[in-house]
Amino acid sequence: MTRKERYQQVLSYFQQNMPVAETELMYDNPYQLLVSVILSAQCTDKRVNLTTPAIFNQYPTPQLLAQASFEELFPLIKSISYPNNKTKHLIGMANMLVNTFNGQVPMTVDELVQLPGVGRKTANVITSVIDAQPNMAVDTHVFRVAARLGLTIKATTPLAAEKQLIQYIPKELVHIAHHWLILHGRYTCLARNPKCDSCALQTMCAYFQKQQKKQPKA
DNA sequence: ATCCCGAGGG
DNA sequence: CCCTCTGGAT
């Protein structure tokens, strides 16, 4: 099976079988999405959505968030993972928005990654969601699942994986494919004990084929 | 125990 | 490349 065929089979399967009904981050503008995505690391969207209304209410603009003190913002962040880092990141991010980007959220990956707390994954989410750019945000799920399925070959970094995925996935499907890979990773292709026995992608999965060779009966 | 749509620093 | 950050849900 060629790599292109593998992509076609996997994408086709997802398109026909993957329900897309997950809780999503709540936001009304690019600034709010940026805050939400920064907060979402190692944390469910549901929990992020519990904290953001208070944050957006108290700091409706980058200008106001930039002036926040650590002490007053921290309590609003405290109930999610890495509150220390995220509090610092949000204030630093807002300051750079004001001082470097004229108070506007930049819409290129290269600009976004300059912001504190914004890495390539977050930058790809922002540009794909807000500006419909065909950018693939490679998080832990996408990285693992793509490698197992054989969608990426010898990709040792998220950036390498991103380049390969972008090369083979039709632009109009990049965004939804991102969600498909995440959902497959969350519910079936688990990091530790993947549920290969109940996985419909066995026949086209490089990881499963490899396991079969090692343990023919398992 | 294991998992939640990571980023920054050494 | 590794490590740290580090709360809540299941």
Side-chain angles (χ1 to χ4, degrees), chain A residues 14 18-27 30 32-55 70 73-97 105-106 109-130 133-149 151-152 154-162 165-166 169 173-195:
Chain A
F14 284 148
M18 187 66 80
V20 181
E22 285 284 298
T23 61
E24 292 184 6
L25 293 173
M26 302 189 304
Y27 66 95
Q32 291 190 358
L33 178 63
L34 183 53
V35 170
S36 296
V37 177
I38 289 174
L39 292 176
S40 72
Q42 289 302 105
C43 185
T44 59
D45 288 359
K46 196 174 171 182
R47 177 134 294 275
V48 172
N49 289 338
L50 288 174
T51 71
T52 48
I55 297 173
F70 181 93
L73 179 58
F74 182 81
L76 304 183
I77 314 284
K78 177 154 179 54
S79 68
I80 56 184
S81 299
Y82 315 142
N84 268 291
N85 286 342
K86 288 173 178 175
T87 300
K88 292 177 198 164
H89 288 161
L90 285 187
I91 295 173
M93 179 277 286
N95 273 278
M96 187 177 284
L97 281 186
V105 178
V109 171
D110 287 344
E111 290 173 311
L112 282 164
V113 294
Q114 295 176 39
L115 297 165
V118 178
R120 194 171 179 87
K121 181 261 171 180
T122 298
N124 280 328
V125 169
I126 302 297
T127 52
S128 67
V129 171
I130 299 293
Q133 295 176 32
N135 295 338
M136 174 64 77
V138 177
D139 55 52
T140 168
H141 292 301
V142 172
F143 187 77
R144 178 185 71 256
V145 173
R148 284 182 179 163
L149 287 173
L151 300 180
T152 57
K154 298 185 190 302
T156 56
T157 66
L159 179 59
E162 178 188 323
L165 289 163
I166 290 301
I169 299 176
L173 292 183
V174 168
H175 186 217
I176 189 66
H178 164 74
H179 286 284
W180 288 335
L181 290 168
I182 285 171
L183 293 178
H184 187 243
R186 184 180 303 161
Y187 298 118
T188 304
C189 198
L190 310 184
R192 306 270 171 113
N193 290 104
K195 302 178 177 177

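All figures in this text were calculated on a predicted structure; none of them were measured in a lab. Below, chain A is the first sequence line, B the second, and so on; all start at residue 1.
- Nucleic acid contact for A/Leu50: none, since no nucleic acid atom lies under 4.0 Å from a heavy atom of the residue.
- Between the C1' atom of B/dC4 and the CG atom of A/Asn49 lies a distance of 14 Å, rounded to the nearest Å.
- Rounded to whole angstrom, the span from the CE atom of A/Met93 across to the P atom of B/dG6 amounts to 17 Å.
- Residue A/Ser79 has its side chain nearest to C/dG7 when only B/dG8, C/dG7, B/dC4 are considered.
- In this structure, A/Val35 and A/Gln32 have side chains that are not in contact, with every pair of non-hydrogen atoms separated by 4.5 Å or more.
- Residue ring and nucleobase are not stacked for A/Tyr82 and C/dT6 under a centre distance beneath 5.5 angstrom and an angle between planes beneath 30°.
- Side chains of A/Arg148 and A/Pro194 form a contact here, defined as non-hydrogen atoms less than 4.5 Å apart.
- Between A/Gln42 and B/dC4 there is no side-chain N or O to OP1 or OP2 distance below 4.0 Å.
- The separation between A/Leu25 atom CG and B/dG6 atom P is 11 Å, rounded to whole Å.
- Residue A/Lys78 contributes atom NZ, which lies 15 Å from atom P of C/dC5 at whole-angstrom precision.
- Whole-Å rounding puts the A/Asp139 CG to B/dC3 C1' distance at 13 Å.
- Between the side chain of A/Arg120 and the main chain of A/Asp110, no donor-acceptor pair closer than 3.5 Å is present.
- Counting to the nearest Å, the C1' atom of C/dG8 and the CD1 atom of A/Ile80 are 11 Å from each other.
- Distances shown here put a side-chain N or O of A/Arg186 below 4.0 Å from the OP1 or OP2 atom of B/dC5.
- When distances run from any side-chain atom of A/Thr44 to the nucleotides B/dC4, C/dT6, B/dG6, the shortest one goes to B/dC4.
- Backbone-only engagement by A/Val118 is indicated by non-hydrogen atom pairs under 4.0 Å involving sugar-phosphate atoms exclusively.
- Of the side-chain N and O atoms in A/Arg192, one or more sit less than 4.0 angstrom from OP1 or OP2 of B/dC3.
- As rounded to whole Å, 13 Å separates atom P of B/dG6 from atom CD1 of A/Ile38.
- Spacing between atom CE of A/Met18 and atom P of B/dC5 amounts to 13 Å, rounded to whole angstrom units.
- The side-chain contact (heavy atoms from CB on, under 4.5 Å) test with A/Val145 singles out one residue from A/Leu190, A/Leu181, A/Ile182, A/Thr188, and that residue is A/Leu181.
- Dashed line: the shortest gap from a side-chain N or O of A/Asn84 to OP1 or OP2 of C/dT6 is under 4.0 Å.
- A/Thr52 contributes no side-chain N or O that, together with a main-chain N or O of A/Ile55, makes up a donor-acceptor pair within less than 3.5 Å.
- Counting only heavy atoms from C-beta on, A/Pro83 has its side chain closest to C/dT6 among C/dT6, B/dG6, C/dC1.
- Using modelled atom types and a 3.5 Å distance limit, the side chains of A/Asn135 and A/Ser128 yield no donor-acceptor pair.
- For the P atoms, the distance linking C/dT4 with B/dC5 amounts to 24 Å, nearest Å.
- At the heavy-atom level, A/Lys86 lies nowhere under 4.0 Å from the strands shown.
- A/His89 comes within contact range of the sugar-phosphate backbone alone, with a heavy-atom separation under 4.0 Å but no base atom that close.
- Separation of the C1' atoms belonging to B/dT2 and C/dT6 is 15 Å when rounded to the nearest angstrom.
- Taking only side-chain nitrogens and oxygens, A/His141 comes nearer than 4.0 Å to OP1 or OP2 of B/dC4.
- Across all strands, A/Ile182 comes closer than 4.0 Å to base atoms (heavy-atom distances).
- Projected onto DNA chain B by closest heavy-atom contact, A/Gly185 and A/Ala123 fall at different nucleotides, the more 5' of which corresponds to A/Gly185.
- Here C/dC5 is the nucleotide among C/dG8, C/dC5, B/dC5 with the atom lying nearest to any side-chain atom of A/Asn85.
- Look at A/Thr122 and you'll find a side-chain N or O under 4.0 angstrom from OP1 or OP2 of B/dA7.
- Put simply, the side chain of A/Lys78 never gets that close to the backbone of A/Pro83: no donor and acceptor are under 3.5 Å apart.
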